[in-house]
Amino acid sequence: MEGLLPELEVIRADFPILERTLAGGLPLVYLDSANTSQKPQVVIDTMVDHLERHNANIARAMHQLGAESTEAFETGRDKVAAFIGAPERDEVIFTKNASEALNLVANTLAWAGEHQVGAGDEIVTTEMEHHSNIVPWQLLAERTGATLRWFGLTDDGRLDLSGIDDLITERTKVVSLTWVSNMLGTINPIAEIARKAHTVGALVVVDASQAAPQLPIDLAAMPVEERPDLLAFTGHKVVGPTGIGVLWGARAVLDALPPFLGGGEMIETVRMEGSTYAGIPHKFEAGTPPIVEAIGLGAAVEYLGHVGMEAIHAHEQAITGYALEGLATVPGLTVLGPLDAASRGGAISFELDGVHPHDIAQVLDSRGVAVRAGHHCAKPAHARFGVQASTRMSSYLYTRPDEIDALIEALEYTRRYFKLG
Amino acid sequence: MTAHGTDQNGLDALYQEIILDHYKHPHNAGLRDDFEAEVHHVNPTCGDEITLRVHLGEGEGDSRVVADVSYDSLGCSISQASASVLTDLLIGKSIAEAMTIHQEFQTLMQGRGQVDPDEEVLEDGIAFAGVAKFPARVKCALLSWMAWKDATAQALEEKS
């Protein structure tokens, strides 16, 4: 199969969990990577080594361990900056996860400052967003009197751009959208939408939670009119740990936004009468951060960089194409979202006539195949296609074609189990 | 009781034939016009939904009869079958009896597979014993039961 990672078996050996078996001695077929990815040994070892040998609080401990810990943490930031091609390493803010990164932006935009959103302003998002890129904007609209508007979807699961000139106008202050849909898999035309949003002076916020794991991202190489102003993703989907996320923002934008959380480390000086604040990134990192998680994330994105994001993207496309072919052979199965692998990511949601997604996932699990069932935190996108829930398979750099075969076989078994045709 | 020949990691314990029968042919389904209270419950983690109406007979307090339970639901086989079994078990009982059955079913579901169900009380409901071993599915089985309890409490309040 063309496009597969040439050293797939070597890569698989980097992920110890792939060797484990499930109840009944069945091998694990892990097809839930869009939910969370598995972790390579180097991430696990890096985190353990830090805790065993270098643990100390950062940026304040005047001792050797403190210096080592601070350096490891800030090196994590350097590695993340390199991974997304950030124009400046200080533009990388560590957060708890992508949700917190998006909430940081949506909250600080409500407060006084150059970019403050107010009554009469408009915020634009899309119908295919994860709830974490809908709810913070709904809250911002409620708090400020602004109006939330959104791009609808076409029947094949793409953004309906036909009304873009009515949607993005002089009233638009923010356009926030996902790069890759976690439900439909669709890859959105970020450059085109950013270009349009920038002509009206709106900020462009991109949820890259599903894009960062599988698409090469080079922010510095993007023409500035097409580059997002802010970009969020989470660590645990890029083979890193949970508890750590990233907000990248252009320096001018981050400098103009007011602080989010107040506390230690985010200040310049504090007097009872008032305080002044640190520059970025620390301005947005109040309190002791998730230190070992940031270090683990650094190891994770460095690992992905060594494998090569171009190669990982090609692998995902090859596996996705193979999966789409296989799923098409299952009677009564309908894929939600684009049907060509080139314009989508590696998450494929589908329906199977006559069996509820929970029941599908349960039967698949009994065969060792791990998928997700439900609304995938994208209820509006499900509602758009008239479905309450779906089953989703999602691959990653360690997925082998025979695991897709196992999924298809298990789906056939599911049909027999529920006595369909 | 295994419906499908070979058991796949307890799958047949979960999907008893009784459950699949109720799923494919649910009893007392649909919303009917006589009711004192209507509730809408969702399982936020999976999106399963049920709209459920309770109609109580005349009388006082716990001695009133559950005259009807009607419902419209979306969800997996476990949640759908559970609603169907609920109506079979509770319609026609006094509220006091129905609450006892409710408690018995809830105890079974939350017993992690360690509780022996009483067939005298639960009838077809004993088929859900296997569900208790699948923690992720317990909420599916309890969705309609929690909705019924809520609706009944509201119906009683309305009358008092």
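Within every chain, numbering begins at 1; the chains are lettered A, B, ... in the order of the sequence lines, protein sequences first and strands thereafter.
Proximity to chain A involves both the backbone and the side chain of B/Glu49, based on heavy atoms less than 4.5 angstrom apart. Proximity to chain A (any heavy atom under 4.5 Å) is shown, for B/Asn43, by neither the backbone nor the side chain.
A salt bridge is absent between B/Arg32 and B/Asp34; no separation between the charged side-chain nitrogens and carboxylate oxygens falls under 4.0 Å. The pair B/Arg137-A/Asp359 meets the salt-bridge criterion, since a charged nitrogen lies less than 4.0 angstrom from a carboxylate oxygen.
Your options are B/Asp48, B/Ile78, B/Leu14, and the one with the most heavy-atom pairs under 4.5 Å with chain A is B/Asp48.
Between the B/Ser94 side chain and the B/Val66 main chain, no donor and acceptor come within less than 3.5 Å of each other.
Within a 6.0 Å sphere centred on CG of A/Asp402, heavy atoms belonging to other residues, nucleotides or ligands number more than 12.
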